[in-house]
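These values consider heavy atoms only, across backbone and side chains, with no hydrogens, waters or symmetry-generated copies.
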Amino acid sequence: MQTSTLFIFSLFAFAYALPVPFLNHTSTHISTRASSTVSATSLSTNNTTASNKKYVVAHHMIGNTFPYTSQDWLNDIKLAHASGIDGFALNMGSDIWQPARVADAYAAAQNSSLDFKMFFSLDMSILPCSTVNDATSLRALVTTYLSHPNQLRYSRGSSTQLPLVSTFAGESCKFGQASVADGWRTQFAQHLDLQGKMTFVPSFFVAPNQMSQFQGAVDGTFNWNGGWPIELTTDSTGSSSTSLSSTLKNLLGVNTTTNAIGKLSNLGLGENSSSTNASSGLLNLEDALSNFIGSTDSDSQFLDASSENNVYIAAVSPWFFTHFGKNSFNKNFLYLADQHLYSKRWESLIPAQVHSGDNSDTNSSNASSQPSISDQVDIVEIISWNDYGESHYVGPIEGALPTGSETWTNGMNHTAWLSLTSYYAAAFKNGSYPSISLNEERIVMWSRTHPASADATSDNVGRVPGSELVLDAMWAVTLLSEPANVTLQIIPFSSNSSTGSPLAQQTFSIPAGLSKITIPISVPDAMDSVSMRAVVERGDDDTVMDLDASSQGFEFVKTPQQFNFNAWVGCAGGGCVA
């Protein structure tokens, strides 16, 4: 079932379900789509055993924890544990106070009475690694916690589980040796201090076929960049380049850096062109982009280059946006996170049957055309728990934020994403999707705060590379024990709790299980801003969940003062974790 009332002007299509007619007041056809549904009782194809137990961990930035107390660590641990997360990868930098926070983290885990683990993710983009002495300091740091009861231990193909150690970067570290591989091999992995005492799974930013040089130095691979479709954004991973990648240029057939989406959207939109042709053009574009959302192509390349018993850590991330100017960290770009990236990436790593719903709103298959890599993935690392500077945090906003990042994080809580994390983490570890009881139902909803094409009135950093791909939309995921009607609404923004009549809405008939739905969002000419709302009903219009983002402060403004492509995320229902 579906109804629609629209003022939406932005062009919009969705790529992984059949199009549903969606009209605005100018009678231009716009396609919106609801994705397939994940069964609550999906079949397992991989029953894990004690010898190949799977873990879900979250990347925790120690650099943002300067004011943390033991209670802060305990709060993080309890919330993460309740969300299906088994441990923290502690991103350790060079500040002299960071070892004390690491000690607090391990102690809090031990005192928590929870089976919660810690391990190092040595930040080699910051830690010195050019001399033998640098390696000595690094080994001393690692050996301090090898025997700690809350140290995460993991090995593949062996009954002896060794302490896990990881990195962020390190592909240029020589530790005074002739090559990077020799440096890591002789001064770290095979040094007498550590040889045979750890499982070393770094995140080196090298091509998959270059990992062979590290044979004897590493015990696996962490594919950090696998969490996002980075090939769509810039030529240099993590750069602030304003050029679109060659992959994206070839995909779009354009040679410009300005509003590639807009240019393709305008094809077939002349006075004598039909809206059907325009919708078809958009649909083809979104279909093309959807091939990159949640893809495991890069994972497969690293796995193909790995030895049989190498440990593999896959990255999962809900978002990426950073906006630091040249007088700061000089990082200003985003990675595409549309089309329910967080859900689709998780689903690509879970060895369970994914099927379509039995109704017209969700009757398309979302099964991946790629071979499943689930049996080869040992650990999922969520990026991140608290990296506020890059907007992909799922934990609460606390601690010491990087200077300037408060501009795009204030009021932008992401803990509602933990309500999806708990569901997917259970499915990944157990090999089948958990059932959903009536009191565990929830709906999670998110959106950005202004149109992608908006001009900011007082932003001194500049436009955001990658925003050429962004759709103006509200996204939602439902976890239902029974079928229900779910209505997504665009509503007037109000600072009080009262909600005005919807400016636009669409109702979907949603089956039990997990479903992904979306509608466009924009601001009418006569208004400055709007908000959003989701209502879940059963029976005779019996409301079982109501998520009013306006009453929680979410405002989608027509003209922002500063660019902000971070996400506001909310959750309603008894199954909300936070």
Problem - Any donor-acceptor pair under 3.5 Å from R442 side chain to C571 backbone - result: no
Exercise for the section: Identify the two heavy atoms, one from S509 and one from N485, that lie closest to each other, and give their separation to 0.1 Å. Expected result: OG-OD1, 3.3 Å
Handout entry: Separation between CD1 of I491 and CE of M532, rounded to the nearest 0.5 Å
Key = 9.0 Å
Completion exercise
For E555 and S529, the nearest pair of non-hydrogen atoms, with its separation, is OE2-OG, 2.7 Å
Exercise for the section: Indicate, with yes or no, if the rings of H323 and F565 have centres closer together than 6.0 Å. Expected result: no
Handout entry: Flag, side chain of D378 to backbone of Y55, donor-acceptor distance under 3.5 Å
Key = no
Practice task
Determine whether the side chains of N64 and Y393 contain a donor N or O and an acceptor N or O closer than 3.5 Å.
Solution key: no
Exercise for the section: Using atom types as modelled and distance alone, determine if a side-chain donor or acceptor of N430 lies under 3.5 Å from a backbone N or O of S432. Expected result: no
Handout entry: Salt bridge flag under 4.0 Å for residues D338 and R448
Key = yes
Problem - Atom pair OH (Y342) and OH (Y424), whose distance is rounded to the nearest 0.5 Å - result: 9.5 Å
Handout entry: Donor-acceptor side-chain pairing of S437 and N439 below 3.5 angstrom
Key = yes
Handout entry: Side chain E468, main chain G466, donor-acceptor under 3.5 Å
Key = yes
Exercise for the section: Compute the ring centroids of H414 and W385, then answer whether they are less than 6.0 Å apart. Expected result: no
Completion exercise
Closest non-hydrogen atoms of L349 and A314, given as atom of the first, atom of the second and distance, are CD1-CB, 3.9 Å
Fill in the blank from the handout: ring pair (Phe, Tyr, Trp, His ring centres under 6.0 Å) with F88: of H81, H59, H60, only one passes, and it is H60
Exercise for the section: Ignoring hydrogens and angles, tell me if any N or O in the side chain of T518 forms a donor-acceptor pair with the backbone of M474 under 3.5 Å. Expected result: yes
Practice task
Work out which heavy atom in D455 is nearest to a heavy atom in T559; give both atom names and the distance.
Solution key: O-CG2, 3.7 Å
Handout entry: Check: S384 side chain, D387 main-chain N or O, donor-acceptor pair, under 3.5 Å
Key = yes
Problem - Under 3.5 Å side-chain donor-acceptor pair for S317 and H392 - result: no
Handout entry: Distance-only side-chain donor-acceptor flag, Y388 / E406, under 3.5 Å
Key = no
Practice task
Indicate whether any N or O donor in one side chain lies under 3.5 Å from an N or O acceptor in the other, for N413 and T415.
Solution key: yes
Handout entry: Ring-ring centroid check F324 W408, cutoff 6.0 Å
Key = yes
Practice task
Tell me whether the centres of the aromatic rings in W228 and W319 are closer together than 6.0 Å.
Solution key: no
Exercise for the section: Kindly say whether F493 contributes a backbone atom to a donor-acceptor pair with the side chain of S531 at under 3.5 angstrom? Expected result: no
Exercise for the section: Would you please say whether a donor-acceptor pair under 3.5 Å links the side chains of S522 and D472? Expected result: no
Completion exercise
Here the gap from T322 atom OG1 to L334 atom CG, rounded to the nearest 0.5 Å, amounts to 10.0 Å
Practice task
Determine yes or no for a side-chain-to-main-chain donor-acceptor pair under 3.5 angstrom, with K516 supplying the side chain and W475 the backbone.
Solution key: no
Practice task
Return yes if some donor-acceptor pair links the side-chain N/O of S295 with the main-chain N/O of D297 below 3.5 Å, else return no.
Solution key: yes
Problem - Backbone N/O of R345 and side chain of S348: donor-acceptor pair under 3.5 Å - result: yes
Completion exercise
In terms of heavy-atom contacts, L438 and S481 come closest through CD1-OG, 3.4 Å
Handout entry: K558 atom NZ, over 12 foreign heavy atoms within 6.0 Å
Key = yes
Practice task
Provide the closest heavy-atom pair for E390 versus F320 in the form atom of the first, atom of the second, distance.
Solution key: OE1-CE1, 3.3 Å
